[in-house]
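Presented below is the structure to which this report refers.
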Amino acid sequence: MSQHVVPLRMNLIIFAALMVLLLTTIGAAYLDLGRGNLPVALLIAAVKATLIVLFFMHVKYSNRLTWIFSGAALLWLTILLSLTMSDFLSRGWLQIAGK
Amino acid sequence: MTATDAVTGLASQFDDLEQQHETANLGMWAFLSTELMFFGGLFAAYTVYRNLYPDAFIAASRHLSVMLGAINTAVLLTSSLTMAQAVNAAQLRKRREAIVLLLATMILGAAFLGIKAFEYYQDYREHLVPGSAFRFEESLRAHAQMFFLIYFLMTGLHAIHLIIGIALVGTIAYLVRREMSDDRAATKVEITGLYWHFVDLVWVFLYPLLYLVDVHK
């Protein structure tokens, strides 16, 4: 079960999707989306990362403990970024429109 | 009783091969979690400074080549494909195919580093390396320097990881060439693959965050 072999076809599909997403992220960067450019770029990167983690890194086929380990990494990164930014945002150090 | 069974490759502390395999995988995931924290600090620094100095980040990002960054992303994604297929070949005990794919992965990794080195050289020629020789539009100079400091730290740390990755993949290719009969060789290829994909994963975020800051402006 844990030794799941991901077939070549599946790897090629994931690779093709990653390449399309790369072109999408470049294309989207040249569009004026106002404040939306960064969220769109991050969303595309997150989709690419999810594909890599689930298929290339076999997490989709791994046991629950692997899900917890990889999820824990993401959780701690979220804490790191959100607590840091909540501090900066709440002290009014950043120039935020309308503030 | 710390011996490893010569036939199956099962170490005595494990119940069966499956448990041994899962333990190796979990160990690598635990390591990669700490790696994510390592890079996470730099991503946090990036987030703070991009919000503090948005104009300088846009102006500084324009000095990076969108094209070279895109080519490098494609090179690295391709290396992830060859690595994923190397894992596949190792699991199916296709020794020759696994070695060829591991070598291809190393070559693609080296190609990435070559392009990156060329970019660094260009940055150096354009006086974009932080320090006394740093040259930039006067009003944005200090803050643009912060962008380039973060750029060099993040891409440099990433490049170091890639160099380690290439050495690891080479070592594993040698081990596979020497001995591929038992379960452990496939597991080694697999967890090396996890590391390689992680390095690719970091670049997937670095590319849009460093090279594509509001390029439409």
Side-chain angles (χ1 to χ4, degrees), chain A residues 1-8 10-12 14-16 18-19 21-23 25-26 28-33 37-38 40-42 44-46 48-49 52-53 55-59 62-63 65-66 68-70 72-74 76-81 83-85 87-89 93-96, chain B residues 17-19 21-22 25-26 28-30 32-37 39-41 43-45 47-48 50-52 54 66-67 69-70 73-74 77-78 80-81 83-85 87-88 91-92 183 186-187 190 193-194 196-198 200-202 204-209 211-217:
Chain A
M1 177 209 95
S2 60
Q3 294 270 29
H4 186 96
V5 179
V6 181
L8 171 65
M10 180 58 104
N11 279 340
L12 284 176
I14 299 303
F15 173 70
L18 289 171
M19 287 307 224
L21 286 167
L22 167 62
L23 294 176
T25 198
I26 297 168
Y30 282 98
L31 298 175
D32 188 355
L33 304 174
N37 278 97
L38 181 61
V40 166
L42 285 176
I44 295 172
K48 285 165 86 176
I52 293 173
V53 168
F55 295 96
F56 281 175
M57 295 172 94
H58 292 193
V59 168
S62 298
N63 57 14
L65 207 48
T66 309
I68 291 174
F69 271 48
S70 50
L74 196 62
W76 285 104
L77 184 68
T78 312
I79 293 172
L80 172 69
L81 292 176
L83 285 189
T84 306
M85 285 319 286
D87 193 30
F88 271 86
L89 291 169
W93 287 343
L94 308 177
Q95 300 114 22
I96 293 159
Chain B
L17 286 173
E18 174 146 339
Q19 191 197 21
H21 172 260
E22 284 180 357
N25 262 282
L26 275 180
M28 185 45 101
W29 271 106
L32 293 182
S33 306
T34 67
E35 286 279 273
L36 194 63
M37 296 300 100
F39 279 99
F43 276 106
T47 310
V48 167
R50 178 167 171 172
N51 280 290
L52 281 175
V66 172
M67 183 53 102
T73 312
L77 289 176
T78 312
S80 261
L81 174 66
M83 188 72 226
Q85 273 308 113
V87 170
N88 179 324
Q91 285 174 328
L92 298 173
D183 200 69
T187 301
E190 198 179 335
L194 287 181
W196 190 273
H197 295 310
F198 173 81
D200 186 15
L201 201 75
V202 171
V204 159
F205 282 92
L206 287 183
Y207 177 59
L209 289 179
Y211 290 75
L212 301 174
V213 185
D214 287 342
V215 281
H216 61 273
K217 281 186 180 158

Q: Could you look at B/Leu32 and say if it's the side chain, the backbone, both or neither that has a heavy atom under 4.5 Å from chain A?
A: side chain
Q | Pick from B/Val87, B/Asp200, B/Leu17, B/Thr47 with the largest number of heavy-atom pairs that fall under 4.5 Å of chain A | A | B/Thr47
Q: Answer with side chain, backbone, both or neither: which region of B/Val213 has an atom nearer than 4.5 Å to a non-hydrogen atom of chain A?
A: neither
Q: Mind checking side-chain contact (heavy atoms from CB on, under 4.5 Å) for A/Leu23 and listing every partner two or more places apart, or none if nothing turns up?
A: none
Q: Of all the heavy-atom pairs spanning A/Ile26 and B/Ala70, show the shortest one and how long it is.
A: CD1-CB, 3.6 Å
Q: Could you tell me which of A/Ile44, A/Thr25, A/Ile68, A/Thr84 has the largest number of non-hydrogen atom pairs under 4.5 Å with chain B?
A: A/Thr25
Q | Minimal non-hydrogen separation, A/Met57 against B/Phe198, with atom names | A | CE-N, 4.0 Å
Q: Locate the shortest heavy-atom distance separating A/Met19 from B/Ala74; write the atom from each residue and the value.
A: CE-CB, 3.6 Å
Q | Part of B/Thr34 within contact of chain A (heavy atom distance under 4.5 Å) | A | neither
Q.
For the interface with chain A, which of B/Asn25, B/Leu26, B/Leu194, B/Asp214 has the highest count of heavy-atom pairs at distances below 4.5 Å?
A. B/Leu26
Q) Which residue out of B/Ala30, B/Gly41, B/Gly193 racks up the most heavy-atom pairs below 4.5 Å with chain A? A) B/Ala30
Q. Relative to chain A, which segment of B/Val66 carries a heavy atom at a distance below 4.5 Å: side chain, backbone, both, or neither?
A. side chain
Q) A/Leu65 versus chain B, heavy atoms under 4.5 Å apart: side chain, backbone, both or neither? A) both
Q.
If we define contacts as heavy-atom pairs under 4.5 Å, which of A/Leu74, A/Ile14, A/Leu18 has the most with chain B?
A. A/Leu18
**Q.** Main-chain N/O of A/Ala28 paired to A/Asn37 side chain as donor or acceptor, under 3.5 Å
**A.** yes
Q | Top contributor to chain A contacts, counting heavy-atom pairs under 4.5 Å, from B/Val215, B/Leu36, B/Leu212 | A | B/Val215
Q: Name the region of A/Ala49, side chain, backbone, both or neither, that has any atom closer than 4.5 Å to a heavy atom of chain B.
A: both
Q. Do the side chains of B/Thr78 and A/Phe15 get nearer than 4.5 Å, heavy atoms only?
A. yes
Q. Hey, does the side chain of B/Thr73 reach the backbone of B/Gly69 with a donor-acceptor pair shorter than 3.5 angstrom?
A. yes
Q | For the student: nearest non-hydrogen atoms of A/Val59 and A/Ser70, plus distance | A | CG1-OG, 4.3 Å
Q: Counting only heavy atoms closer than 4.5 Å, note whether B/Tyr207 contacts chain A via side chain, backbone, both or neither.
A: side chain
Q) Less than 4.5 Å apart, any side-chain heavy atom of B/Glu22 and any of A/Asn63? A) yes
Q. Shortest non-hydrogen contact from B/Ser33 to A/Phe69?
A. OG-O, 3.5 Å
Q: Below 4.5 Å from any heavy atom of chain B, which atoms of A/Val6 appear? Answer side chain, backbone, both or neither.
A: backbone
**Q.** A/Leu77, part contacting chain B, at a heavy-atom distance under 4.5 Å
**A.** both
